[in-house]
K.L.:
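Here it is: the structure, laid out below.
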Amino acid sequence: MKVVRSTCNYCSIACNFDFHVEDDGFIQRVKPAKDYPVNKGFCCVKGLNLDKQNTIYENPVLPLLRNEKGKLEHISWEKAFNIFAERVKKIQDEYGKESFAFLSTGQLCTEEMALAGHIGRTFLGGNGDGNTRLCMATAVVAYKQSFGFDSPPYTFEDLELSDVMIFIGCNPVVAHPILWSRV
């Protein structure tokens with residue numbers, strides 16, 4: 001079994017993990033990297049479950065669709081696109097053009113985000129946005145109003161040196177345990 005060091009993809013903290021990988025490519029165990037300065041051998045429950053991303057399918061690149069028996073089976077990209085388009089069109093015919101919306105992930109690169117927006121708005125007529133704007137727009141406004149500039153004001157080390165912290169409307173013990181470990 002080989003150990004592969006990589007970064008968690010669930011949030012922007014970027015914890016490092018040691019993935020224990022079998023010869024067949026399956027992740028058998030995930031351990032937070034003890035020597036990485038961000039997570040220092042600790043992680044959240046999402047990171048501990050990164051091994052659940054294993055797939056039992058030979059070609060996970062192809063789309064999957066449940067058949068009549070409820071089992072997942074591979075289908076072609078063309079079939080997947082057609083099924084998606086048919087279902088969106090059916091929903092829009094029944095409930096109106098505005099009944100379709102999409103939200104993309106913050107992990108898309110600019111070109112992919114632009115393509116998703118173009119397809120969603122131009123061809124599907126739905127409302128769409130990217131997680132990056134929905135998530136960060138409010139933070140930018142709050143930073144500008146509070147500190148006069150639009151970037152996060154703290155590092156993890158700054159948290160450790162703070163004399164007073166006020167948390168409003170959040171539960172960092174659950175939502176950000178790596179950050180909380182510094183508090």
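Model, not experiment: these values are computed from the prediction.
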K.L.:
Taking the side chain as every heavy atom from C-beta outward, state whether Y36 and C15 have any pair of such atoms under 4.5 Å apart.
P.N.:
no

K.L.:
Working to the nearest 0.5 Å, report the span between CD of E111 and NE2 of H118.
P.N.:
14.5 Å

K.L.:
Yes or no on side chain to side chain contact (heavy atoms under 4.5 Å, CB included) for N16 and N39, after CA distance, side-chain angles and deciding distance?
P.N.:
CA-CA 7 Å; N16 265 213; N39 55 312; 4.3 Å; yes

K.L.:
Rest of the hydrophobic cluster containing Y95 (Ile/Leu/Val/Met/Phe/Trp/Tyr, side-chain heavy atoms under 4.5 Å)?
P.N.:
I91

K.L.:
In the single-linkage hydrophobic clustering (I, L, V, M, F, W, Y; side-chain heavy atoms under 4.5 Å), do I178 and M165 co-cluster?
P.N.:
yes

K.L.:
What residue among K31, R5, K34 forms salt bridge (charged side-chain N to carboxylate O under 4.0 Å, His left out) with D18?
P.N.:
R5

K.L.:
Of the non-hydrogen atoms in F19 and S6, which two are nearest, and what is the gap between them?
P.N.:
CE1-CB, 3.6 Å

K.L.:
If hydrophobic clusters are built by linking Ile, Leu, Val, Met, Phe, Trp and Tyr wherever their side-chain heavy atoms come under 4.5 Å apart, do V173 and V38 end up in the same one?
P.N.:
yes

K.L.:
Other members of the hydrophobic cluster containing I75, with the 4.5 Å side-chain heavy-atom rule, please.
P.N.:
L65, I83

K.L.:
Look at atom CZ of R87 and say whether more than 12 heavy atoms of other residues, nucleotides or ligands are closer to it than 6.0 Å.
P.N.:
no

K.L.:
With rounding to the nearest 0.5 Å, note down the distance linking NE2 in H176 to OG in S181.
P.N.:
12.0 Å

K.L.:
A side-chain contact here means heavy atoms from C-beta on lying under 4.5 Å apart; do R182 and K40 qualify?
P.N.:
yes

K.L.:
So do the side chains of V174 and C44 get within less than 4.5 Å of each other, counting heavy atoms only?
P.N.:
no

K.L.:
Begin with the C-alpha distance, continue with both residues' side-chain angles, and end with the deciding distance and a verdict on side chain to side chain contact (heavy atoms under 4.5 Å, CB included) for L179 and L159.
P.N.:
CA-CA 8 Å; L179 177 138; L159 288 171; 3.6 Å; yes

K.L.:
Enumerate the residue pairs fulfilling salt bridge (charged side-chain N to carboxylate O under 4.0 Å, His left out) with a member in residues 8-17, sequence neighbours excluded, ordered by first and then second residue.
P.N.:
none

K.L.:
Output the distance between atom NZ (K89) and atom CD (E94), rounded to the nearest 0.5 Å.
P.N.:
12.5 Å

K.L.:
About how many Å separate CD of E22 and CD1 of I27, when rounded to the nearest 0.5 Å?
P.N.:
11.5 Å

K.L.:
Taking it one step at a time, do V30 and H20 satisfy side chain to side chain contact (heavy atoms under 4.5 Å, CB included)?
P.N.:
CA-CA 6 Å; V30 176; H20 298 257; over 6 Å; no

K.L.:
What are the two closest heavy atoms between M1 and V21, and how far apart are they?
P.N.:
CG-O, 3.3 Å

K.L.:
Counting only heavy atoms from other residues, nucleotides and ligands, does the tally under 6.0 Å from CD of E78 exceed 12?
P.N.:
no

K.L.:
Report yes or no: do F147 and V141 belong to one cluster of Ile/Leu/Val/Met/Phe/Trp/Tyr joined by side chain heavy-atom distances under 4.5 Å?
P.N.:
no

K.L.:
Quick check: closest heavy atoms across F17 and C8, and the distance to 0.1 Å?
P.N.:
CE1-CB, 3.3 Å

K.L.:
With a 4.5 Å limit on heavy-atom distance, are the side chains of V183 and P172 in contact?
P.N.:
no

K.L.:
Please round to the nearest 0.5 Å and tell me the distance separating atom CG of L50 and atom SG of C43.
P.N.:
7.5 Å

K.L.:
Do L115 and F100 belong to the same hydrophobic cluster, where Ile, Leu, Val, Met, Phe, Trp and Tyr are linked whenever their side-chain heavy atoms lie under 4.5 Å apart, directly or via other members?
P.N.:
yes

K.L.:
Below 4.5 Å, heavy atoms only, C-beta onward: do L64 and H74 meet side chain to side chain?
P.N.:
yes

K.L.:
Between P63 and W77, is any pair of side-chain heavy atoms under 4.5 Å apart?
P.N.:
yes

